[in-house]
Amino acid sequence: MAKLIDGKLISAQIRAELKEETKAFIAATGVTPKLTVILVGEDPASQVYVRNKGRACEEVGFAAEQITLPATTTQEELDALIDRLNADKTVHGILVQLPLPKGLSEERVLLRISPEKDVDAFHPYNVGRMVAGQITYLPCTPAGVMELIKRSGISVAGKDCVVIGRSNIVGKPMAHLLMQANGTVTVCHSRTKELAEHTRRADILVAAIGKADFVTADMVKPGAVVIDVGINRNAEGKLTGDVDFASVEPIASYITPVPGGVGPMTIAMLMKNTLTAAKRAVEGEI
Ligand code: GUN
C-alpha cells in the first residue's frame, strides 16, 4: 500500500503561506501583485483552467485580470496586447493560455512576453536560465512535482529518476529539476526501446505521457515513488492519469492521485512565481 501524496492539501498549504507573504508584501510596499491571463478562443478545458487561475489569485490576495479574445484574433493584435501589458507597470505576471487557436504562433507569443513577467517560465531566456541553474522562475508543473516530493520528505539525491515524456512544458524541465536535485535522470519517450526496462529501474518515476492508464504495475519497481502528471479522460469519460492507479498503488511507496495530485500544484506554483515577479519589480531586480 502506497502513501498517497495529497496535492490538494499541499497546494492549499502553499496558497495559505503565499497569502501571508502577500499580505506582508502589500503592507510593506503598497503594491498588489497582479496576474493578467489571456485566453484566445473558446476551448472549454482552457476556460476552466483560466477560471481556476483567477480564483487562486483572489484567494492569495492578488489582483487578477482575464482578457478573453475571439479565436479570429490576428497575431498582430495579440502581439500588440502583449506589448501593452509588458509596458504596464501594474501588471507583474502575463500568461497566455495554451494551446492557441490555429493560425497563431505559440513560439512568437512566448518570445514576446517580457522574461521578467513570464510567470509560466516558457520564454527561451528563462528556459536557458533554468538549464544553467540560474533560476528566475521555475516552470509551474515540474516545480509543483518537486515541491510534492520535498514536502513528502522524499530525497532525490542519488536516486534513479525516470521521466516518461519529453515535452517542453513538463518532461524536459522535469528532467533538469531532478538533475539539479542530484538525481540520476533518464528521459524516456515514444521512440524509447524496451521502455519497461528503464521504468523498472526507477526509484522515482514521473509519468507525463498523456495516455490514460499507460503505466502498469509490471513497469514499476516495488517501493518506487510514482508521480502522475497526466490528465486524461478514459473511455467512460472519467478523469484519469497516465498511471493505472489500481494496479500500481499496491506496489509503490508513494503515489499521486489524479485528480488531486500534481494538478493543483501547478496553480500554486504560478501564484508563487507571480509574487516573485511583483517582488522583483519592486526591487528592480531584473
Ligand atoms: N496550458 C496547459 N497548461 C498550461 C500552462 O501551464 N500554462 C499555459 N500558459 N498554458 C497551459
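Ligands are counted one by one from 1 in listed order, and the atoms in each one are counted from 1 as well.
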Checklist entry - Taking the six-membered ring of Tyr137 as reference, does the NZ or CZ atom of Arg129 fall below 6.0 Å from its centre and within a 45° cone about the axis? => result no
Checklist entry - What part of Leu98, side chain, backbone, both or neither, has a heavy atom within less than 4.0 angstrom of ligand 1? => result both
Checklist entry - Looking at Leu95, which atoms of ligand 1 are within less than 4.0 Å of one of its heavy atoms? => result 9 (N)
Next on the checklist: Under 3.5 Å between any N/O of Thr266 and any N/O of ligand 1: does that happen in this structure?
Outcome noted: no
Next on the checklist: With a heavy-atom distance limit of 4.0 Å, tell me whether Phe122 approaches ligand 1 through its side chain, its backbone, both, or neither.
Outcome noted: side chain
Next on the checklist: Assess whether a salt bridge exists between Asp83 and Arg112, defined as any Lys/Arg side-chain N lying under 4.0 Å from an Asp/Glu carboxylate O.
Outcome noted: yes
Checklist entry - Taking atom CG of Leu104 and atom OG1 of Thr74, what is their separation to the nearest 0.5 Å? => result 8.0 Å
Item to check | atom 11 (C) of ligand 1 - nearest protein heavy atom and its distance | outcome: Gln97 NE2, 3.4 Å
Item to check | Residue among Lys272, Arg151, Lys23 satisfying salt bridge (charged side-chain N to carboxylate O under 4.0 Å, His left out) with Glu17 | outcome: Arg151
Checklist entry - Between Val96 and ligand 1, is there a nitrogen or oxygen pair with a distance under 3.5 Å? => result yes
Checklist entry - Can you tell me the protein heavy atom closest to atom 9 (N) of ligand 1 and the distance? => result Asp120 OD2, 2.7 Å
Checklist entry - Do Glu59 and Lys19 meet the salt-bridge criterion of a basic N to acidic O distance under 4.0 Å? => result no
Next on the checklist: Tell me the closest heavy-atom pair linking Ala175 and Val187, and the distance in Å.
Outcome noted: CB-CG2, 3.5 Å
Next on the checklist: Counting only nitrogen or oxygen atoms and a 3.5 angstrom limit, does Thr141 reach ligand 1?
Outcome noted: no
